[in-house]
Amino acid sequence: MIRRALLDVSENRWLRKHATSSRVLRRSVRRFLPGETLEEALAACSDLGKFDLSTILINVGENVADRDEAAAVTKHYLDALNRIGSYRLSIEISVKLTQIGLDLDPDFCLTNLITLLAHTRAHETTWIDMEQSSYTERTLCLFNRARQDCRNVGVCVQAYLRRTEKDVEALIATGAAVRLVKGAYNEPTEIAFSRKREVDESYFRLAKKLLGKEARRNGVRTALATHDRNLINRLTAWAGSEGMTPKELEFQMLYGIQRALQLQLAEKGYGSRVLISYGNFWFPWFMRRLAERPANVLFLARNLFSW
Ligand code: FDA
């Protein structure tokens, strides 16, 4: 119930616009967000790089309803890619398609995406986040269109959606780069698993497919984006039994969550990448982080009362 309430709040238009000025919220969000500026995010990349952790940057934002604003976000990411070019660390970016114009015009959004891909460094990927299920089909369609011209694009898929097994099969057939997550939005049970056990089993099944022989033959890059220690243990054990080395597995986690586990994985030789969010449109994103773990609400409440 708490999860649903927080996800409902995350979609409230008034709060999206005004809640970020709350001092309590601003203080609480800092646990998950090193700062609002690109400079602060890049500084966090450098800090994590000292521990062999690679990074991904995302400027939080979604559902941009104005063409100029979508163009400005694209320009911001272009500047970020140029800045990243001077770093010796592996730093990738991730974007939400509704941030660069998907709600306005898919062709305009595709042009913006391709502009970013053209400036992405060789051997690195620009990732596409997956948003609510109403965007799944359009996101995959745009991903496939972009991939006809540029191979350095990756897409996120959500294990809680019943359709994802078919989507994963299609992505494997084309040798795509895929980030697997559990899924962070409110979705109806007709299209999404709702019980944690079902979602976890779906994740395990899909991860095995994405790491399987066919996927490897086709050159699929799989990013296992989860903080779930139990799933990670099951997956590393399974991959070991298949003869895979740690180097062949890549885990991705969010900044500020399970830091010790991120370091342990890197020390053991697994790919370990941290997604760093920054920017000032963080309210809906922060509410989704709270919804993922009820204990985070207590953490927020503690900040409220210690103010
Ligand atoms: P689960 O929720 O079961 O958590 C396992 C454990 O991890 C918890 O017991 C807790 O210890 C810790 N944990 C998890 N979330 C936490 C939090 N917020 N605060 C503190 N501890 C926490 N979703 C989506 O729909 N579209 C997307 O594009 C992305 N992109 C994305 C990228 C990356 C790199 C990551 C790691 C995640 C996403 N997600 C996402 C979010 C994802 O769908 C999911 O909501 C979260 O990762 C939480 O699920 P877990 O797999 O961690 O498992």
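All values below were derived from every heavy atom in this structure, side-chain atoms included, with hydrogens, water molecules and symmetry-related copies excluded.
Counting heavy atoms from C-beta outward, Y77 and H119 have side chains that stay 4.5 Å or more apart. Q262 is not listed as a side-chain neighbour of E267, based on a closest heavy-atom distance of 4.5 Å or more. Annotation: side chain of I232 is in contact with side chain of L265 (closest heavy-atom distance under 4.5 Å). Side-chain contact between R259 and L263 is present, with at least one heavy-atom pair separated by less than 4.5 Å. Inter-residue side-chain proximity for L81 and L116 is flagged as met; some heavy-atom pair is nearer than 4.5 Å. Under the 4.5 Å side-chain criterion, counting only non-hydrogen atoms from C-beta, I191 is in contact with P188. Side chains of I172 and K209 form a contact here, defined as non-hydrogen atoms less than 4.5 Å apart. Side-chain contact between E36 and W282 is present, with at least one heavy-atom pair separated by less than 4.5 Å.
Looking at S202, its side chain never comes within 3.5 Å of a backbone N or O of E198 through a donor-acceptor pair. Put simply, the side chain of T98 never gets that close to the backbone of E62: no donor and acceptor are under 3.5 Å apart. Within the 3.5 Å criterion, the main-chain N or O of A192 finds no donor-acceptor partner in the side chain of Q158. A donor-acceptor pair is defined here as one N or O able to donate and one able to accept, closer than 3.5 Å; no such pair exists between the side chain of R31 and the backbone of R27. The backbone N or O of D66 lies less than 3.5 Å from no partner atom in the side chain of E69, so there is not a single donor-acceptor pair. Side-chain N or O atoms of T125 include none that pairs as donor or acceptor with a backbone N or O of W127 at under 3.5 Å. Side chain of E242 to backbone of A237: no donor-acceptor contact under 3.5 angstrom is found. In this structure, the side chain of D105 engages the main chain of D107 through a donor-acceptor pair within 3.5 Å.
The residue from L254, I91, L48, L42 that alone fulfils the side chain to side chain contact (heavy atoms under 4.5 Å, CB included) condition with I276 is L48. Evaluated for a side chain to side chain contact (heavy atoms under 4.5 Å, CB included) with V157, the options T139, L206, L180 yield exactly one hit, L180.
In this structure, the separation between CD on Q99 and CG on N59 is 5.5 Å, given to the nearest 0.5 Å. R145 CZ to C141 SG: the interatomic distance, rounded to the nearest 0.5 Å, is 6.0 Å. Considering OG1 of T174 and CZ of R147, their distance stands at 4.5 Å, rounded to 0.5 Å. Within the model, atoms OG1 of T222 and CG of L224 stand 6.5 Å from one another, a figure rounded to the nearest 0.5 Å. In this structure, L210 CG and L171 CG are separated by 8.0 Å, a value rounded to the nearest 0.5 Å. With rounding to the nearest 0.5 angstrom, the CZ atom of R26 is 9.5 Å from the CG atom of L33.
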**Message:** Walk me through whether Y203 and H227 qualify under ring-ring contact (aromatic ring centres under 6.0 Å, His included).
**Reply:** CA-CA 12 Å; Y203 193 105; H227 316 92; over 10 Å; no
**Request:** Check the pair Y135 / L97 against side chain to side chain contact (heavy atoms under 4.5 Å, CB included), numbers first and verdict last.
**Result:** CA-CA 9 Å; Y135 292 109; L97 292 185; over 6 Å; no
**Asked** Taking it one step at a time, do L275 and S277 satisfy side chain to side chain contact (heavy atoms under 4.5 Å, CB included)?
**Response** CA-CA 7 Å; L275 189 146; S277 301; 3.7 Å; yes
**Message:** Set out, in order, the CA-CA distance, both residues' side-chain angles and the distance that settles salt bridge (Lys or Arg N to Asp or Glu O under 4.0 Å) for R289 and E292, then state yes or no.
**Reply:** CA-CA 5 Å; R289 300 295 76 81; E292 280 159 3; 2.6 Å; yes
**Message:** Evaluate D8 against R4 for salt bridge (Lys or Arg N to Asp or Glu O under 4.0 Å), listing each step before the verdict.
**Reply:** CA-CA 6 Å; D8 284 345; R4 278 197 178 272; over 6 Å; no
**Request:** Check the pair E201 / R205 against side chain to side chain contact (heavy atoms under 4.5 Å, CB included), numbers first and verdict last.
**Result:** CA-CA 6 Å; E201 283 317 304; R205 246 189 344 265; 4.3 Å; yes
**Request:** Report the C-alpha separation of S272 and F51 in whole Å, then their side-chain angles, then the decisive distance to 0.1 Å, and conclude whether the side chain to side chain contact (heavy atoms under 4.5 Å, CB included) test is met.
**Result:** CA-CA 10 Å; S272 190; F51 300 97; over 6 Å; no
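Remark: R163 engages E137 in a salt bridge, criterion side-chain N to carboxylate O under 4.0 Å. E39 and R83 are joined by a salt bridge, as a carboxylate oxygen and a charged side-chain nitrogen come within less than 4.0 angstrom of each other. The pair K196-D200 meets the salt-bridge criterion, since a charged nitrogen lies less than 4.0 angstrom from a carboxylate oxygen.
Taking every heavy atom of both residues into account, L211 and M244 meet most closely at O-SD, 3.9 Å. For Y87 against S46, the heavy-atom pair with the smallest separation is CE2-OG, 3.5 Å. Taking each heavy atom of A70 and L104 in turn, the nearest pair found is CB-CD1, 4.3 Å. Taking every heavy atom of both residues into account, E187 and S133 meet most closely at OE1-OG, 2.6 Å. Closest approach of I58 and S94 over heavy atoms only: CG1-O, 3.4 Å. Taking both residues in full, the closest heavy atoms of L89 and E124 are given as O-OE2, 4.2 Å, listed atom of the first, atom of the second, then distance.
Judged as a ring-ring contact (aromatic ring centres under 6.0 Å, His included), and not counting sequence neighbours, Y185 has no contacts. Remark: D103 pairs with no residue by the salt bridge (Lys or Arg N to Asp or Glu O under 4.0 Å) rule, at least two apart or across chains.
Note on L6 and Y160: separate hydrophobic clusters, where clusters join Ile, Leu, Val, Met, Phe, Trp and Tyr whose side-chain heavy atoms are under 4.5 Å apart, directly or indirectly. Hydrophobic clustering of Ile, Leu, Val, Met, Phe, Trp and Tyr side chains at less than 4.5 Å, counting indirect connections, keeps L231 apart from F193. Hydrophobic clustering of Ile, Leu, Val, Met, Phe, Trp and Tyr side chains at less than 4.5 Å, counting indirect connections, keeps L25 apart from F281. The cluster map of Ile, Leu, Val, Met, Phe, Trp and Tyr, joined by side-chain heavy atoms under 4.5 Å apart, puts L140 and V181 in different clusters. Under a hydrophobic-cluster definition in which Ile, Leu, Val, Met, Phe, Trp and Tyr are linked whenever side-chain heavy atoms come within less than 4.5 Å, directly or via other members, Y255 and L38 are assigned to the same cluster.
A tilted orientation is assigned to the rings of Y278 and H76, their planes being inclined by 30° to 60°.
Stacking of R273 on the aromatic ring of F251 is not recorded, the 6.0 Å distance cut-off and the 45° axial limit not both being met.
At a cut-off of 3.5 Å, with distance as the only test, no side-chain donor of S194 or T189 sits close to an acceptor on the other residue.
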